[in-house]
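Bear in mind the structure is a predicted one, so any value in this text is a computation, not a measurement. All chains are named by letter (A, B, ...) in the order of the sequence lines, taking the proteins before the strands, and each is independently numbered beginning at 1.
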Amino acid sequence: MLNDELAAIFEEMADMEEIEGRKWQSIAYRKAAASISTAGGNLIDLYRSGRLRDIDGVGEAIEAKIRDYIEKGKIEKYDEMKARYPIDFASLRKLQGLGPKKIYALFTALGVKDIETLKAALNDHSISGLQGFGEKSEESLRKAVEVFEKYGANRRFLAEIYDEIQEIKKKLAKSSLFEDLEIAGSFRRMRETVGDIDILGISSNPEKGREFFTNLDDVAGIISSGPSKMTVRLKNGLTCDFRIFARDSFGAAMQYFTGSKEHNVQLREIAISKGMKLNEYGLYEGDRVKAGSDEATIYRALGLEWIEPELRENMGEIEAAGAKRLPRLVEYGSIRGDLHTHTVDTDGRNTLEQMVGAASASGLEYIAITNHSKGLKVAKGLTDEGFRSFNRKIDSMNEKSSIRIFKGVELEILKDGSLDLDDSTLQEMDFVLAALHQGVVGDANENTARVVKAIGSGKIHSLAHPTGRLIGSREAYRLNFERIFEACKENQVFIEINGYPERSDLPFDLVKKAREYGILFTLGSDSHSTKDLRNLHFATAIARRGWLDKESVVNTLNADHFTNLIRR
DNA sequence: GCCGTTTTCGGCCCGACTGTTTTCAGTCG
């Protein structure tokens with residue numbers, strides 16, 4: 001994606017500027033890179049409408065570079081610099097402890113330009129002895145390469161490590177060495193992936209607390225350890241920061257370590273503009289402590305409402321908090337039904353009975369079974385006749401079931417935008433999810449037309465996993481979401497937030513956009529087995545990160561109200 | 001290179017830890 005490409009380029013330019021000692025240019029490039037990759041929206045659209053400068057951190061010079069990249073496919077200054085520094089910064093920067101200056105030192109002295117040449121230098125033992133490097137530096141680099149090759153430097157799915165991290169917190173709590181414990185960082189912000197874990201604690205016996213922590217069997221090794229901060233590698237490959245604070249500072253610490261970094265930078269700038277200083281110990285006016293023990297007081301002292309962790313991405317939440325216009329986010333406990341599930345009758349692993357039983361046990365009031373339609377052969381999609389007989393099974397189950405079961409389908413949108421089942425079959429269905437799975441092309445207009453036609457059919461309720469992305473393995477489909485959102489609004493079609501971790505689709509930034517159109521959303525776990533039902537929790541997290549209130553989420557309705565809403 | 005509730009110039013978030021240094025630079029979050 002263009003945003004990612006340019007963000008990577010600007011990150012590299014930041015590295016090279018730093019090598020050349022231009023600190024502020026470096027910071028400017030990094031800032032631009034960050035806002036392009038997180039909050040940028042589609043760069044092509046912004047470019048076409050001449051609104052590139054609206055992006056935080058993009059001024060005259062960087063705007064020109066983005067333009068050149070779009071129009072000519074290259075950025076002259078980048079190419080010039082790259083000729084001087086033919087280095088794979090992106091990979092080398094992923095090694096713990098290696099930044100631009102050290103990379104440059106290794107490059108000039110030993111010709112290190114990527115992981116392979118670094119490994120060669122390590123094998124020669126030629127690094128210790130270089131100016132600024134010693135035995136320990138060489139050893140820690142060796143370790144960093146080892147970790148990189150074992151785990152990659154990739155982020156992990158929140159859903160994948162969620163329970164394990166909660167377990168660690170429980171073990172710490174059980175020691176009764178801590179008065180309070182919280183997990184901060186992107187974990188607390190419920191980002192779909194996390195790069196590391198931050199655990200904060202209050203303890204009257206920090207020494208013992210730290211010792212207890214390092215001796216947990218989840219800890220694989222210590223990366224660094226000082227009097228107030230320690231960093232370890234967990235056995236699951238993640239790095240974990242553990243810090244102990246005084247009660248008076250705990251709110252400031254929570255604020256600081258929850259981030260995001262961009263959100264924090266913004267807050268600290270506001271503090272400065274009000275003649276104050278904000279750090280992880282508190283908010284200060286001169287020597288006087290204005291706030292520190294709880295987060296809300298800090299935000300209030302800065303003239304802001306308290307901001308939910310999920311919103312802290314510097315995507316307008318600070319302005320909204322200043323104007324007291326933050327949304328009341330949909331709550332995790334308010335989701336009453338799951339609107340995307342499969343059974344063994346197509347590509348699921350559990351039976352209808354098992355899925356319904358598990359949904360009921362997890363406290364849901366209803367579930368829509370949305371098996372694939374016949375066009376998706378790899379998933380053994382059901383034919384019209386298949387659905388009719390499956391529907392009869394649901395009817396009879398509904399007579400004895402404690403929760404309501406809706407007859408659903410995850411319906412293929414065919415190549416020409418038509419639908420994969422007969423009208424008479426669709427008439428029988430309670431809930432129709434429509435999805436693109438196959439035949440998606442490189443042309444955004446063609447893909448969009450296909451989706452818009454399906455939305456306009458009057459026969460679908462919700463658009464499933466709209467971007468089609470699979471985090472880590474497949475890019476989002478090329479689609480024009482402005483047109484899709486308009487079509488959904490016009491035809492009263494909902495949009496799904498799919499909580500399957502690899503999908504996490506619609507992504508939260510697009511949820512926030514779609515929300516502005518007044519569209520309603522359906523949450524789905526996309527369960528292929530009973531244990532996937534927990535994905536609904538993570539779908540809710542995406543909804544919250546996308547600023548949704550309860551009224552925007554269809555699943556918060558009870559079964560009767562939901563039935564009325566989907567009646568065609 | 002960016003930006004403006006004090007600014008169109010002169011600032012730019014802040015503190016901890018490590019390793020190599022004899023007081024600090026580099027890295028990280």
Side-chain angles (χ1 to χ4, degrees), chain A residues 10 13-35 52-66 77 92-106 127-141 143-144 153 184-187 194-200 222-232 239-245 249 252-253 255-284 302-303 314 319 322:
Chain A
F10 291 140
M13 292 187 75
D15 288 339
M16 294 187 282
E17 292 282 9
E18 205 171 329
I19 287 171
E20 300 195 341
R22 284 188 293 274
K23 182 180 164 196
W24 300 114
Q25 281 81 349
S26 167
I27 287 174
Y29 280 122
R30 272 191 224 292
K31 183 169 185 187
S35 49
L52 285 171
R53 294 280 285 271
D54 289 357
I55 303 170
D56 196 25
V58 174
E60 194 180 334
I62 290 182
E63 179 192 33
K65 289 183 178 71
I66 297 175
K77 180 161 182 196
L92 290 172
R93 284 300 303 269
K94 285 181 184 158
L95 301 179
Q96 177 93 30
L98 207 49
K101 297 276 175 70
K102 286 189 182 175
I103 289 173
Y104 181 60
L106 292 172
I127 290 177
S128 62
L130 290 182
Q131 180 72 24
F133 292 83
E135 284 293 333
K136 285 186 173 173
S137 304
E138 184 168 316
E139 201 40 48
S140 62
L141 271 177
K143 267 223 176 89
S186 46
F187 188 98
V194 295
D196 62 12
I197 303 294
D198 302 275
I199 303 178
L200 311 180
I222 297 172
I223 296 173
S224 76
S225 171
S228 71
K229 174 187 177 182
M230 78 181 323
T231 306
V232 302
T239 54
C240 176
D241 282 347
F242 182 65
R243 303 190 51 145
I244 294 173
F245 285 87
S249 295
Q255 194 292 309
Y256 184 95
F257 286 100
T258 296
S260 68
K261 191 178 170 186
E262 291 74 20
H263 175 93
N264 285 358
V265 168
Q266 195 75 18
L267 277 196
R268 272 168 267 161
E269 277 171 9
I270 291 175
I272 290 170
S273 77
K274 293 183 182 294
M276 296 185 264
K277 184 178 84 162
L278 178 64
N279 60 27
E280 63 261 55
Y281 301 106
L283 179 67
Y284 302 90
L302 293 173
N314 194 25
E319 292 78 358

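- Of the candidate nucleotides B:dC14, B:dC12, B:dT27, B:dC12 has the atom nearest to the side chain of A:Glu269.
- Atom pair A:Glu139:CD and B:dT20:C1' shows a separation of 16 Å (rounding to whole Å applied).
- In a base pair of the Watson-Crick type (N1 to N3 plus N6-O4 or O6-N4) or a G-U wobble (N1-O2 and O6-N3), with each distance short of 3.5 Å, B:dT8 is matched with no nucleotide.
- For the C1' atoms, the distance from B:dC12 to B:dT6 is 15 Å, rounded to whole Å.
- Between the P atom of B:dC2 and the CG atom of A:Asp56 lies a distance of 11 Å, rounded to the nearest Å.
- Rounded to the nearest Å, the gap between the P atom of B:dC17 and that of B:dG10 is 37 Å.
- In this structure, the separation between CG on A:Asn264 and CG on A:Asn279 is 11.0 Å, given to the nearest 0.5 Å.
- Between the C1' atom of B:dT27 and the CG atom of A:Leu141 lies a distance of 12 Å, rounded to the nearest Å.
- Taking side-chain N and O atoms only, A:Lys77 has a distance below 4.0 Å to OP1 or OP2 of B:dG1.
- Residue-nucleotide stacking is not present for A:Trp24 and B:dC2, judged by a side-chain ring centre under 5.5 Å from the six-membered base ring centre and planes under 30° apart.
- In the set B:dC14, B:dG1, B:dC17, B:dG1 carries the atom at the smallest distance from any side-chain atom of A:Tyr29.
- In this structure, A:Glu17 reaches neither bases nor backbone, as no heavy-atom distance under 4.0 Å exists between it and the strands shown.
- Atom P of nucleotide B:dG15 and atom CE of A:Met230 are separated by 22 Å, given to the nearest angstrom.
- Side-chain proximity of A:Ser225 to B:dT18, B:dG1, B:dT20: nearest is B:dT18.
- One P atom belongs to B:dT8, the other to B:dC14, and the distance between them is 22 Å to the nearest Å.
- The phosphate of B:dG19 has neither OP1 nor OP2 within less than 4.0 Å of any side-chain N or O from A:Ser140.
- For the pair A:Arg30 and A:Glu18, the salt-bridge criterion is met [side-chain N within less than 4.0 Å of a carboxylate O].
- Comparing atom distances between the A:Lys65 side chain and each of B:dG1, B:dA16, B:dG29 picks out B:dG1 as nearest.
- Nearest to the side chain of A:Arg93, among B:dC28, B:dG19, B:dC17, sits B:dC28.
- Straight-line distance from the CD1 atom of A:Ile55 to the P atom of B:dC2: 12 Å, rounded to whole Å.
- Residue contacts for A:Leu267: at a heavy-atom cut-off of 4.0 Å it reaches no nucleic acid atom on any strand shown.
- The main-chain N or O of A:Asp56 is found under 3.5 Å from a side-chain atom of A:Ser35 such that the two form a donor-acceptor pair.
- The side chain of A:Tyr281 has B:dG15 as its nearest neighbour among B:dG19, B:dG15, B:dG1.
- Between the NZ atom of A:Lys102 and the C1' atom of B:dC28 there is a distance of 11 Å, rounded to whole Å.
- Both A:Ser273 and A:Lys101 lie close to DNA chain B; mapped to their nearest nucleotides by heavy-atom distance, the more 5′-ward contact belongs to A:Ser273.
- Residue A:Ile62 is in sugar-phosphate contact alone, with no base atom involved, counting any heavy-atom pair closer than 4.0 Å across all strands shown.
- Between the A:Ser249 side chain and the A:Tyr281 main chain, a donor and an acceptor come within less than 3.5 Å of each other.
- The side chain of A:Lys277 has B:dG15 as its nearest neighbour among B:dG15, B:dA16, B:dT27.
- Separating the C1' atom of B:dT21 from that of B:dG26 is a span of 12 Å, rounded to the nearest Å.
- Contacts of A:Arg22 with the nucleic acid, taken as non-hydrogen atoms under 4.0 Å apart, are absent.
- B:dT20 and B:dT27 are spaced 14 Å apart, taking the P atom of each and rounding to whole Å.
- One can place CG of A:Asp198 at 16 Å from P of B:dA16, the figure rounded to the nearest angstrom.
- As rounded to whole Å, 13 Å separates atom P of B:dT18 from atom NZ of A:Lys143.
- Nearer to the 5' terminus of DNA chain B, by closest-nucleotide assignment, is the contact made by A:Val58 (compared with the other of A:Pro100 and A:Val58).
- Minimum atom distance to the side chain of A:Lys136 is reached by B:dG19, of the listed B:dC17, B:dG19, B:dC2.
- Heavy atoms of A:Leu95 sit under 4.0 angstrom from primed sugar atoms or phosphate atoms, though from no base atom.
- In this structure, CG in A:Leu200 is found 11.5 Å from OH in A:Tyr256, a value given to the nearest 0.5 Å.
- Spacing between B:dA16 and B:dC9 at atom C1', rounded to whole Å, works out to 33 Å.
- At a cut-off of 3.5 angstrom, counting only N and O atoms as typed in the model, there is no donor on one side facing an acceptor on the other between the side-chain of A:Tyr256 and the base of B:dG15.
- Across B:dT27, B:dC28, B:dA16, the shortest atom-to-atom separation from the side chain of A:Glu18 is found for B:dT27.
- Using a 30° and 60° split on the angle between ring planes, A:Phe10 and A:Tyr29 fall in the parallel class, below 30°.
- Going from atom CG of A:Leu106 over to atom CG of A:Leu92 covers 8.5 Å, rounded to the nearest 0.5 Å.
- Of the candidates B:dT18, B:dC2, B:dT27, the closest approach to any side-chain atom of A:Ser224 belongs to B:dT18.
- Atom CE of A:Met16 sits about 11.5 Å away from atom CD1 of A:Ile103, to the nearest 0.5 Å.
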